[in-house]
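We name chains A, B, ... by the order of the sequence lines, and we start the count at 1 in each one. Remember, predicted model here, so these are calculated numbers, not experimental data.
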There are 2 protein chains.
Amino acid sequence: MSPTMHDVARVAGVSIKTVSNVINDFPHVRQTTRLRVMAAIEELGYRPNLSARGLRSGRTGVIGLAVPELRQNYFAELADAVIRAAEKHDLGVLVEQTSGDRNREIAAVTGAGRLRLTDGLLFSPERLGQDDRHLLSNSFPFVMLGERMFGGPTDHVTMHNVSSAQAAVEHLLAIGRRRIALIGAHPDQREQVRSADLRVKGYKAALEAAGLPLDPQLVRVVAPWHRENGAEAMRDLIASDIEFDGLFALNDTLALGALRALGDAGRRVPDDVAVIGFDDIDEARFSIPSLSSVDPGRDEIAETAVQLLVERINEKGDEELPPRLIKPEFRIVARESTAT
Amino acid sequence: MSPTMHDVARVAGVSIKTVSNVINDFPHVRQTTRLRVMAAIEELGYRPNLSARGLRSGRTGVIGLAVPELRQNYFAELADAVIRAAEKHDLGVLVEQTSGDRNREIAAVTGAGRLRLTDGLLFSPERLGQDDRHLLSNSFPFVMLGERMFGGPTDHVTMHNVSSAQAAVEHLLAIGRRRIALIGAHPDQREQVRSADLRVKGYKAALEAAGLPLDPQLVRVVAPWHRENGAEAMRDLIASDIEFDGLFALNDTLALGALRALGDAGRRVPDDVAVIGFDDIDEARFSIPSLSSVDPGRDEIAETAVQLLVERINEKGDEELPPRLIKPEFRIVARESTAT
DNA sequence: CTGAAAGCGCTAACAA
DNA sequence: TTGTTAGCGCTTTCAG
């Protein structure tokens, strides 16, 4: 077995408490003692046992991040940002993939399984919705991400979906586009609070503000938001012979798929069709043509979410803050796909 | 505090040991007792404390995965696959990003910090090399990934770099290309065992087998393997006025950047230049044109790596297997960028 | 400033 | 088949 604090104490000729004091940077340790202890630690190659520490202190130093799947660029970049942010707080990140499986999302929020080992959870649902709020509680440090559930008992970091989508469409209008298609609307009409619906709302608001009619034929239902589906929706749209000169795709992946289908069909971007996506994933900068997009403030979302979670973890039982809802600033990133 | 086994035992009217037996699916528990215990667990919302279990059993049920950064598609897809594979063994995955920082890679292999909480580590180095083998030991369950360090004391899952690179170039030769450029060679000539050098070796082998000369001007040094660098290398190559009709990019990200630069310069792919990448990331299927690539067997790499790690974790002290080196089969994936 | 000792929640001998 | 009990390695009162 690896050495314990007792071993270190014995080698350094001090008590186990002193070793603990040194490790935890407690102030009242004489310098010579400290050095002696550190030498012993070095000599033995001692590493604290985090399970024991976790058991004793009630903290593991690890937070959980539950996302649908890392294969999706948006989540990979989110996870990247979250891990970096957690690091600043000296926290590790246990990544759980729910794979768009409702039961696994339920398991994640109700604290079953592995995530019990964590001090708190960042959760980005894909299947749970507004009706599942009863599953949430504020007894475990928890920060909601995304826009599938609002008004729960926990902190929530999300984005300005409506206004940023509206800004995206206004960007297309500003370069003279009038027949703007949208791909990525959600099939299920009953659900209201989700990225798709909110972004569609922004789309409609922009058209209305510009005094343009809403042509339902230009609004295409697509789910899930994968490249192939974006390409397929665009092929359908082209095949349907409906006229359009602009496209707002509800995320970049859809937009990239659509770009592909437009290219195949010989439509030039942006000349024939100007395209804007949503998320501003890395890839948007390097597609051909490069893709205009909405940066929803992903890095800030990650940093804020971790920050809120840390506050909840450190919260004393009595001082309970009410749930907070935070939306970082967004930004329209104009690239070639909407160049004039 | 959340309920403990004692609470459950009290409510169920049994001893703590019986609760433990039920939780761990031990055989010798009467059915009625089992039911009573399970009811109590349900009633109290009891969840085992994994820190305590970890302390007692020496197992946390979590493995570590150390990669450079999830932002890179290849690693996001690898992490995705690893998490899925780990799940089958009922293991969680703590993801650590080393961000191409040598010291953080050293910290990861030497078991400093958070990764102490894990039962084993999958490690994909970017900065550590052959000379750092002394940092490795086989005392902690560990599986090496990638091709920066060979011959260490641990299991290692890697890929057929040379032969698959050779196959990629032969694919270009087979469609009649004769002036094949390579981008992504590594600047440092001293280091031998790394993806870049191995793939360059495959490139040379293919040319030699075809009786073609090696033109050093066609081999471009690029690091790191990011899109922008791929685009830049291609712009340089085009600007240098050297003739070429094929391109082997040492990874897909470079290839996608190069595709971009080729498009900008008005060179048609595959007509003017046929392009093949390496890794077969998702994106390759959806670029314009779609990108031919080498699938190095990523899913199998992930599954095998987790499998080997689990074996090491379960290994009794006495039966030590010698280090194993495993290379899954590769596959050339032909798409539009090398269509005839 | 340092030491002694209790106990976090669980598992696994050993007893009954 | 079930109960009792001794720690796993650490933090943390409380004394000294």
Using salt bridge (charged side-chain N to carboxylate O under 4.0 Å, His left out) as the criterion, list what pairs up with B:R84, not counting sequence neighbours. A:E69, B:D80

What residues from residues 55-62 of chain B pass a heavy-atom cutoff of under 4.0 Å to DNA chain D? B:L55, B:R56

Holding to side chain to side chain donor-acceptor pair (under 3.5 Å), I want the full list of residues that pass it with B:S139, two or more places apart in sequence or in another chain. B:S137

Rounded to whole angstroms, how far apart are CZ on A:R34 and C1' on C:dT2? 13 Å

By side-chain contact (heavy atoms from CB on, under 4.5 Å), which residues pair with B:R102, not counting sequence neighbours? B:I106, B:R127, B:L128, B:D132

My understanding is that only residues two or more places apart in sequence, or in another chain, count here; which of them pass side-chain contact (heavy atoms from CB on, under 4.5 Å) with A:A79? A:L65, A:L70, B:L70

Please state how far atom NE2 in B:H6 lies from atom P in D:dT4, giving the value in whole angstrom units. 10 Å

Length of the line joining A:M5:CE and C:dA5:C1', which is rounded to integer Å: 13 Å

Starting from P on C:dT2, measure out to CZ on A:R10 and report it in whole angstrom. 19 Å

So what is the end-to-end bend of the helix from C:dC1-D:dG16 to C:dA16-D:dT1, with 5 pairs used at each end and the value given to 10 degrees? 30°

Please figure out whether A:R53 or B:G13 has its closest DNA chain D nucleotide nearer the 5' end. B:G13

C:dC1 OP1/OP2 closer than 4.0 Å to side-chain N/O of A:T33: no

For A:E77, check salt bridge (charged side-chain N to carboxylate O under 4.0 Å, His left out) against everything at least two apart and list the hits. A:R298

Which one, D:dT11, C:dT11, C:dG9, comes nearest to the side chain of B:N24? C:dT11

Short N/O separations, protein against nucleotides 13-16 of chain C, under 3.5 angstrom:
none

By salt bridge (charged side-chain N to carboxylate O under 4.0 Å, His left out), A:E126 pairs with (sequence neighbours left out) none

Counting only side-chain nitrogens and oxygens, does A:N21 get under 4.0 Å of the OP1 or OP2 atom of C:dT2? no

Within this structure, what is the CG-to-P distance between B:D119 and D:dC8, rounded to whole angstrom? 19 Å

Contacts of type side-chain contact (heavy atoms from CB on, under 4.5 Å), residue A:V22, not counting sequence neighbours: A:V29, A:R34, A:V37, A:M38

Think A:S20 has a side-chain N or O under 4.0 angstrom from the OP1 or OP2 of D:dC10? no

Pick base, sugar-phosphate or nothing for B:S51, based on heavy-atom distances below 4.0 Å to the nucleic acid. nothing

Taking atom C1' of D:dG9 as reference, at what distance in whole Å does atom CG of A:L44 sit? 15 Å

Using a 4.5 Å cut-off on heavy atoms from C-beta on, say whether the side chain of B:I326 contacts that of B:H156. no

Any side-chain donor near an acceptor of the partner, A:T60 and A:D119, under 3.5 Å: yes

Inter- and intrachain pairs under side-chain hydrogen bond (donor to acceptor under 3.5 Å, both in side chains), touching residues 10-25 of chain B, at least two apart: B:D7-B:R10, B:K17-B:N21, B:S20-B:N24

Partners passing side-chain contact (heavy atoms from CB on, under 4.5 Å) against A:A52 (at least two apart in sequence or in another chain): A:N49, B:L55

Out of C:dG9, D:dT11, D:dG3, which nucleotide sits closest to the side chain of A:I16? D:dT11

Please determine, by modelled atom types, if B:Q307 and B:E311 share a side-chain donor-acceptor pair under 3.5 angstrom. yes

Using whole Å, report how far CG of B:L117 lies from P of D:dG9. 15 Å

Whether B:T18 contacts D:dT2 is assessed here as follows: a side-chain N or O lying under 4.0 Å from the phosphate OP1 or OP2. Is that the case? no

Look at the side-chain N and O atoms of A:T4 and state whether any lies under 4.0 Å from the OP1 or OP2 oxygen of D:dG9. no

